[in-house]
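Quick one: this structure, given as structure tokens, is what I'll be asking you about.
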There are 2 protein chains.
Amino acid sequence: MAVGQRAVRGREPEPRTVRQPLRQEVVDGIKAYILRNDLRPGDPLPTEPALCEALGASRSSVREAIRILTALDIVEVRHGHGTYVGRLSLSALVESLTFRGLLSPDDDFQVMSDLIEVRELFERGMAERLVSCLEEEQIDRLAAHVDEMRRAGAGEGHGFVEADRAFHTLLLAPLGNDLIGQLSTAFWDVYVIVAPHLDVFTRAHEAATIANHQRIVDAVRDRDPAEFAAALTEHYAPVRLRIEEARSRR
Amino acid sequence: MAVGQRAVRGREPEPRTVRQPLRQEVVDGIKAYILRNDLRPGDPLPTEPALCEALGASRSSVREAIRILTALDIVEVRHGHGTYVGRLSLSALVESLTFRGLLSPDDDFQVMSDLIEVRELFERGMAERLVSCLEEEQIDRLAAHVDEMRRAGAGEGHGFVEADRAFHTLLLAPLGNDLIGQLSTAFWDVYVIVAPHLDVFTRAHEAATIANHQRIVDAVRDRDPAEFAAALTEHYAPVRLRIEEARSRR
DNA sequence: GCAAATTTGTCCGTATGTATC
DNA sequence: AGATACATACGGACAAATTTG
């Protein structure tokens, strides 16, 4: 009963107009609500029943819409607590690219190869700006991460990859371009997740990896963009090589 | 056929283990089904009732899981027809970045500025390779797009933006790195959607835009990477300027 | 062109798990 | 510890879209 709560649908005179699903209207409605009230990540959203009434949809439609927005990190849900504006991260990109890498359409390793190439492009393409932008204090922190990798290299690998991730994050931080940093981090995440599934040995040549990181730090300290770019090439070459090795093993 | 029998819930002995929502298990189950059967975009998936039985979940949970996978373009649904493997595009990135650009936390225009910078980095960073890789036939097609922009420039703007998009897509195509091309396209989409909302006049200086595209084509034809890079700088400078203008208007 | 079958879309009612006060 | 507010999950029913005979 009470089927016609919502504004009557289907009064669209245009035959060309394909009517979109109700949940999509709810998605747009929630987006509009956030924009209209100028909410920020972490701000609370109305409860599910409130959204149902406000948008004229059932709980099912509202919940499906929330699932879509959650996948995009536009909305974040805490069970038993409430619904909030999400962090607007690039988590969806990670999910999407990770699955693409695992499914591997034609060439199993093209995705990985492309990924590394873009990361190298970010750092090499910004070489001049990075070398001039990085301040002494940040360079010290980069060096600290290299030390951290040396310490963690002996033990198990968790600290090693964390330090590696932090190193590259910090390296791109002074650009003032959040997008580049977030993309680079996202690609790093995808690589770390997918590589083991493709028998790419991420922890091979750890010593060489550490040495190359050190070389990058030294180049920055010397404010030498050419040496910086060369160090980056040295750093990424073995990664590319490992992907090629794994590719040829199949 | 069987997607995989779910283990009975609720007998988890570990109190520390935070049990993930059932729909997430369904998400993972559907992903695993695609990977296990090595499906490709467009391949059919089991019907909703079949997934319910295979994964031991109700239809609501299965549908919410499908919504999540749809948002990531891992799954595609056709009403009244069936569920299929999605195209694995970067549509989620477009959605995510678009909303971030519209919400605009601190600086309304930082997202747009970052976006353009990355696109320029892609094309400038690949200047040498592009200049040497592009074949005569592809250069002719680039020139054709410039002509198309000239024709469409007089009329309404739809053909213009399409030709612009096609130009940059084709420009990055010969790299053999699909990720770069798709990212560039995604950023282009975000820019076109967000710019009008921020009063950035995308169609301003159309003549200059066409002239710069022509200059890029000429540089490629002459196999002149330095001129190519210079032309790109010329091309992106006014875009950056328009963003700055819009920023200062607020 | 119509009608039936199949499949997804939407709704409702209810019960359960979870976090906060 | 109890109460309350909220999200999670289930099952059944009907509507809408698509294909097929």
Side-chain angles (χ1 to χ4, degrees), chain A residues 1-12 14-30 42-71 75-86, chain B residues 1 3 6-12 14-30 42-71 74-86:
Chain A
M1 30 199 83
V3 179
Q5 296 279 41
R6 246 170 33 73
V8 180
R9 309 180 75 194
R11 53 181 174 77
E12 212 85 21
E14 265 73 28
R16 295 279 301 103
T17 308
V18 180
R19 194 175 56 221
Q20 64 180 353
L22 178 54
R23 65 165 173 277
Q24 191 56 48
E25 291 183 23
V26 177
V27 165
D28 295 338
I30 295 175
D43 287 349
L45 260 44
T47 66
E48 288 183 359
L51 287 172
C52 291
E53 188 174 5
L55 299 171
S58 71
R59 282 185 279 290
S60 314
S61 298
V62 168
R63 284 180 59 79
E64 289 189 16
I66 290 177
R67 292 286 87 81
I68 293 173
L69 292 169
T70 303
V75 156
E76 183 185 337
V77 174
R78 273 176 271 174
H79 187 173
H81 195 235
T83 309
Y84 303 84
V85 178
Chain B
M1 258 311 179
V3 175
R6 220 171 48 75
V8 179
R9 291 173 60 104
R11 54 179 177 77
E12 210 85 24
E14 265 71 30
R16 295 284 301 106
T17 308
V18 179
R19 200 174 48 226
Q20 63 182 351
L22 177 54
R23 63 167 172 279
Q24 191 56 48
E25 293 183 22
V26 177
V27 165
D28 296 338
I30 295 175
D43 288 349
L45 260 45
T47 65
E48 289 181 358
L51 288 172
C52 292
E53 187 174 6
L55 298 171
S58 71
R59 203 171 154 219
S60 316
S61 298
V62 167
R63 284 182 58 79
E64 289 189 18
I66 290 177
R67 293 286 86 81
I68 293 173
L69 292 169
T70 302
I74 292 175
V75 156
E76 183 184 338
V77 174
R78 274 176 268 174
H79 187 177
H81 196 232
T83 309
Y84 304 85
V85 178

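Predicted model only: the values in this text are computed from it and were never measured. Residue numbers begin at 1 in each chain, while the letters A, B, ... track the order of the sequences.
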If the cut-off is 4.0 Å, is Arg67(B) near the phosphate of dG9(C), judged by side-chain N/O to OP1 or OP2?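 Yes, such a contact exists.
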Roughly, in whole Å, what's the span from CZ in Arg63(B) to P in dT7(C)?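 That distance rounds to 14 Å.
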Proximity to the side chain of Ala57(B) - top-ranked nucleotide from dA9(D), dA7(D), dC10(D):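 Selected nucleotide (nearest to the side chain): dC10(D).
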Can you measure Gln24(B) atom CD to dA7(D) atom P for me and round it to whole angstrom units?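 Taking atom P of dA7(D) as the reference, CD of Gln24(B) is at 19 Å.
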Nearest-Å distance, OH (Tyr84(B)) to P (dT8(C))?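 These atoms are roughly 8 Å apart.
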Less than 4.5 Å apart, any side-chain heavy atom of Leu45(B) and any of Val85(B)?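 Result yes, sub-4.5 Å side-chain heavy-atom pair found.
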Among the nucleotides dA16(D), dT10(C), dG13(C), which one has an atom lying closest to any side-chain atom of His79(B)?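 Ranking dA16(D), dT10(C), dG13(C) by closest atom to the His79(B) side chain puts dA16(D) first.
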Determine whether Thr83(A) and Arg78(A) satisfy the following criterion, side chain to side chain contact (heavy atoms under 4.5 Å, CB included), listing intermediate values before the conclusion. CA-CA 6 Å; Thr83(A) 309; Arg78(A) 273 176 271 174; over 6 Å; no
Does a sphere of radius 6.0 Å around CD in Gln24(A) hold more than 12 heavy atoms from other residues, nucleotides or ligands, not counting ones at 6.0 Å or beyond?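 Yes.
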Polar atoms only, N or O, under 3.5 Å: list the protein pairs with nucleotides 1-6 of chain C and their distances.
none

Calculate the interatomic distance between Leu51(A) atom CG and dT8(D) atom P; express it in whole Å.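 Atom-to-atom, Leu51(A) to dT8(D), this comes out as 13 Å.
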Closest-nucleotide 5' rank along DNA chain D - winner of Leu45(A) and Ser60(A):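 In this pair, the answer is Leu45(A).
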For a side chain to side chain contact (heavy atoms under 4.5 Å, CB included) check, start with the C-alpha distance between Ile30(B) and Leu51(B), then their side-chain angles and the critical distance, and finish with the verdict. CA-CA 8 Å; Ile30(B) 295 175; Leu51(B) 288 172; 4.2 Å; yes
Report the residue (Arg59(A) or Glu64(A)) whose heavy-atom-nearest nucleotide on DNA chain C is the more 5′ of the two.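 Final value for this comparison: Glu64(A).
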Of all the choices, dG9(C), dA7(D), dA9(D), which nucleotide is nearest to the side chain of Thr83(A) once you look at every atom?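 Between dG9(C), dA7(D), dA9(D), the one nearest the side chain of Thr83(A) would be dA7(D).
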Test item: Thr70(A) side-chain N/O and Ile66(A) main-chain N/O as donor-acceptor pair under 3.5 Å: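 Looks like yes, one N/O pair under 3.5 Å.
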How long is the line joining CD of Glu48(B) and P of dG9(C), in whole Å?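 So the CD-P distance, Glu48(B) to dG9(C), works out to 6 Å.
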Does a side-chain N or O of Arg78(B) approach OP1 or OP2 of dT8(C) to a distance below 4.0 Å, or not?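 No, Arg78(B) has no side-chain N/O under 4.0 Å of OP1/OP2 on dT8(C).
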So, is Ser61(A) close to the dG9(C) phosphate, meaning a side-chain N or O under 4.0 Å from OP1 or OP2?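 The answer is no; no side-chain N or O of Ser61(A) sits under 4.0 Å from OP1 or OP2.
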Do Asp28(A) and Gln20(A) have side chains that approach each other closer than 4.5 Å (heavy atoms only, starting at C-beta)?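 Asp28(A) vs Gln20(A): side chains touch.
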I need the CZ-P distance between Arg23(B) and dG17(C), as an integer number of Å.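 Atom CZ in Arg23(B) sits about 16 Å away from atom P in dG17(C).
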Determine whether Arg59(A) and Glu48(A) satisfy the following criterion, salt bridge (Lys or Arg N to Asp or Glu O under 4.0 Å), listing intermediate values before the conclusion. CA-CA 7 Å; Arg59(A) 282 185 279 290; Glu48(A) 288 183 359; over 6 Å; no
